Amino acid sequence: MIFPVLSGCCRFGGQEGDRGNARSPLLEVRGNIELKKPLVKAPSRLPLPGTRFKRGPDQMEDALEPEKKRTRGLDTVTKIATSQSRAPALTARTQTQNQITAPKVPKKTGPRCSTAIATVLKNQKSGPAVPAQKPGAAAPPMVGGRKPTKRPAWDLKGQLCDLNAELKCCRERTQTLAQENQQLQDQLREAQQQAKAQGAECRTLEGELARVQAQAEQGQQELGSLRARVLELEEQQCTQEGLLRELQKEQLGLQEERRGLAARLEEQERRLQASEAALSGSQAEVASLREEATGQAALLVEQGERLHGLEMERRRLHNQLQELKGNIRVFCRVRPVLPGEPTPPPGFLLFPFGPGGPADPPTRLSVSRCDERRGTLSGAPAPATRHDFSFDRVFPPGSRQDEVFEEIAMLVQSALDGYPVCIFAYGQTGSGKTFTMEGGPGRDPQVEGLIPRALRHLFSVAQELGGQGWTYSFVASYVEIYNETVRDLLATGTRKGQGGECEIRRAGPGSEELTVTNARYVPVSCEKEVEALLHLAHQNRAVARTSQNERSSRSHSVFQLQISGEHTGRGLQCGASLNLVDLAGSERLDPSLALGPGERERLRETQAINSSLSTLGLVIMALSNKESHIPYRNSKLTYLLQNSLGGSAKMLMFVNISPLEENVSESLNSLRFASKVNQCVIGTAQANRK
């Protein structure tokens with residue numbers, strides 16, 4: 001029968017799962033049985049039956065030493081062959097010893113160990129018998145006091161005794177360790193209680209320490225405050241002492257001054273007595289002067305009333321004179337021939353004299369036109385066709401800028417009286433509109449246009465009226481209308497090029513006054529400010545090269561001056577706007593087409609310009625015919641100028657024409673349009689007064 005060594009299995013059965021991948025001894029035994037490998041015999045250390053050999057403590061330790069080594073080497077399994085006849089006796093004896101030592105075995109035994117023992121007992125029944133040692137055989141003797149040799153493999157009883165002894169020692173050691181563990185746990189609990197008590201005491205001490213530290217910090221702060229206060233009081237004391245010394249010095253000086261003043265007082269008293277005598281004589285003279293001043297004041301009030309009446313009469317007569325001239329007036333101006341241009345043929349433009357002869361300013365214009373497409377039967381060219389036009393005033397090519405302004409100076413002054421005034425220049429590109437309104441290049445006073453001259457005149461008249469109690473304020477704006485888009489010509493910095501964001505809106509709910517959103521309104525009071533605005537607007541205005549003019553204005557520019565007047569003494573107020581408009585070129589589409597890649601853009605510009613000019617003509621005709629609906633909103637130009645075109649407004653139109661024969665077609669179109677406007681009559685103007 002085959003018996004595997006069970007000493008390590010029973011003891012360390014519970015630890016077998018912790019060995020990881022180590023192979024169990026029982027599995028190795030089972031594998032050896034299946035493969036029927038030859039077993040290796042090992043000497044037994046169990047005592048033979050019948051011997052009375054007793055082991056001492058030292059010998060027990062020596063006996064346990066090999067067992068411990070075998071326990072550490074459980075992976076190596078020793079196979080023992082015993083005889084079948086001895087197996088029952090050995091089994092019985094082993095069971096008896098197990099019954100005796102059963103109470104000492106620990107309750108927790110690994111399941112693998114129990115299974116292994118059952119397997120071994122089962123194999124003992126079917127295994128071959130091995131002859132047992134005789135009962136009278138003694139244990140291997142000790143040689144020279146050395147430890148006994150290893151027990152043979154068949155000495156299971158001796159091995160079991162060794163295991164029991166070792167188990168007893170382990171139990172005693174376990175009991176000792178348990179007692180020590182209990183003592184340590186008691187000590188730990190006691191230490192934990194002490195730690196809790198000390199922790200509570202520590203927290204109490206920490207709270208006390210924090211409180212003491214806070215008190216100490218507060219004390220330090222109070223001490224610092226007191227020190228600062230002491231220093232401050234010391235400085236105040238030094239200051240007070242210095243002030244006291246100064247006051248003492250000042251007191252000494254005042255005492256000296258008092259003595260001097262006392263002497264002067266005596267002198268003044270003497271003079272006062274003399275003055276009182278002279279005063280009594282002067283009082284009578286003052287009374288007579290007061291009576292005279294009262295009379296002068298009454299006369300001054302009378303003169304003021306008379307002057308105010310005369311001023312009102314002047315305004316009335318001035319307005320009546322302007323109405324007699326017409327609330328819609330048309331002036332025609334022919335620009336001179338520029339260097340490099342062909343001289344027009346004689347008789348092309350004629351300026352007939354007025355009823356009073358050469359002394360009267362010209363009011364008529366005659367244009368001759370030769371049509372090459374027409375001819376007589378004989379083949380001779382047809383005679384020239386003459387077109388006659390009559391306007392309120394005609395300015396020949398030699399007219400100066402000051403002569404032109406002299407005719408409109410009184411109309412400009414009407415804006416100070418509270419009448420809206422609108423002056424605009426109309427004509428084809430290159431006919432001199434911009435020159436008429438803004439002037440020539442440079443700062444030559446001889447070529448200044450209507451805008452700087454009009455503002456200079458207004459500033460001068462406002463200063464004169466200031467002596468009569470009137471005060472005026474002026475606010476200027478300058479916008480252009482390009483392709484039905486309003487742009488601010490006074491924009492600077494980052495606002496340049498953002499004129500498309502400007503819109504025409506009412507100044508307020510229920511207000512008839514119009515304003516342009518996002519546009520600059522600049523207060524002006526002198527000529528230099530106006531010159532700076534004109535220069536800035538000239539740089540920002542949209543211009544382009546066309547076939548009619550190298551530098552052509554492609555937009556309507558509108559200079560607006562808001563005038564507000566007030567007479568505080570009489571509680572009078574007046575307000576009006578002066579609009580000076582430089583219209584874009586009025587030529588038809590074909591002659592004005594631009595050359596180059598921008599042809600479509602120029603075409604769109606020309607269409608927008610002609611549409612707005614047509615709307616302007618329709619508005620003037622509707623005002624003249626007293627129609628119920630005036631199409632102001634058909635164009636941004638007429639919508640912006642609606643308060644200066646109808647109602648109480650005064651309007652003047654300059655029609656500018658070219659003296660060249662090649663431009664006769666556009667000149668005739670401009671003159672025909674101006675003639676229609678000149679035939680319109682608008683109702684009587686009324687001043688905007690409060």
Side-chain angles (χ1 to χ4, degrees), residues 5-27 45 54-77 94 97-118 147-148 158-224:
V5 179
L6 303 177
S7 59
C9 179
C10 295
R11 185 181 179 187
F12 298 96
Q15 300 178 355
E16 188 172 342
D18 300 332
R19 292 178 181 266
N21 297 328
R23 191 174 181 184
S24 174
L26 295 176
L27 296 176
R45 298 180 61 184
K54 296 183 180 179
R55 302 180 182 179
D58 297 335
Q59 295 176 350
M60 289 295 295
E61 292 178 0
D62 295 338
L64 290 174
E65 186 66 21
E67 185 64 20
K68 295 179 181 177
K69 294 181 180 179
R70 288 195 303 271
T71 304
R72 287 192 293 266
L74 276 177
D75 294 335
T76 306
V77 180
T94 302
Q97 291 181 356
N98 289 337
Q99 292 176 359
I100 296 172
T101 59
K104 298 181 181 180
V105 178
K107 296 180 180 180
K108 294 183 180 179
T109 305
R112 296 183 180 180
C113 183
S114 302
T115 306
I117 294 173
K147 294 182 180 180
Q159 293 179 5
L160 185 59
C161 291
D162 295 340
L163 291 175
N164 289 332
E166 184 179 358
L167 180 61
K168 181 178 181 181
C169 293
C170 291
R171 287 179 176 175
E172 292 176 356
R173 187 176 179 183
T174 302
Q175 185 176 4
T176 303
L177 292 175
Q179 293 177 358
E180 293 178 357
N181 185 20
Q182 185 65 31
Q183 293 177 0
L184 291 175
Q185 289 180 356
D186 295 339
Q187 294 176 3
L188 177 61
R189 284 192 295 269
E190 183 178 357
Q192 289 177 349
Q193 293 177 358
Q194 292 178 0
K196 290 181 180 179
Q198 291 177 357
E201 185 178 359
C202 180
R203 287 191 293 272
T204 305
L205 293 176
E206 287 178 353
E208 186 68 20
L209 177 61
R211 185 179 62 80
V212 172
Q213 289 178 349
Q215 292 178 356
E217 291 178 358
Q218 184 178 2
Q220 291 292 337
Q221 293 177 357
E222 293 178 355
L223 180 60

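What you see is a predicted model, and the numbers here were worked out from it, not measured in a lab.
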Hey, what do you get for CD (Gln220) to CD (Gln213), rounding to the nearest 0.5 Å?
-> 12.0 Å
Pairing residues for Glu180 by the side chain to side chain contact (heavy atoms under 4.5 Å, CB included) criterion, not counting sequence neighbours = Thr176, Leu177
d(Leu188 CG, Asn181 CG) to nearest 0.5 Å is 10.0 Å
So, do Cys169 and Arg173 sit near enough that their side-chain heavy atoms are less than 4.5 Å apart?
-> no
Measure the CD-CD distance between Gln193 and Gln198 for me, rounded to the nearest 0.5 Å.
-> 12.0 Å
Crowded around Gln175 CD? As in, over 12 foreign heavy atoms under 6.0 Å?
-> no
Any salt bridge (charged side-chain N to carboxylate O under 4.0 Å, His left out) pairs touching residues 190-200, not counting sequence neighbours?
-> none
At what distance, to the nearest 0.5 angstrom, does CD of Gln194 lie from CD of Glu201?
-> 11.5 Å
Qualifying residues under salt bridge (Lys or Arg N to Asp or Glu O under 4.0 Å), relative to Arg189, sequence neighbours excluded = Asp186
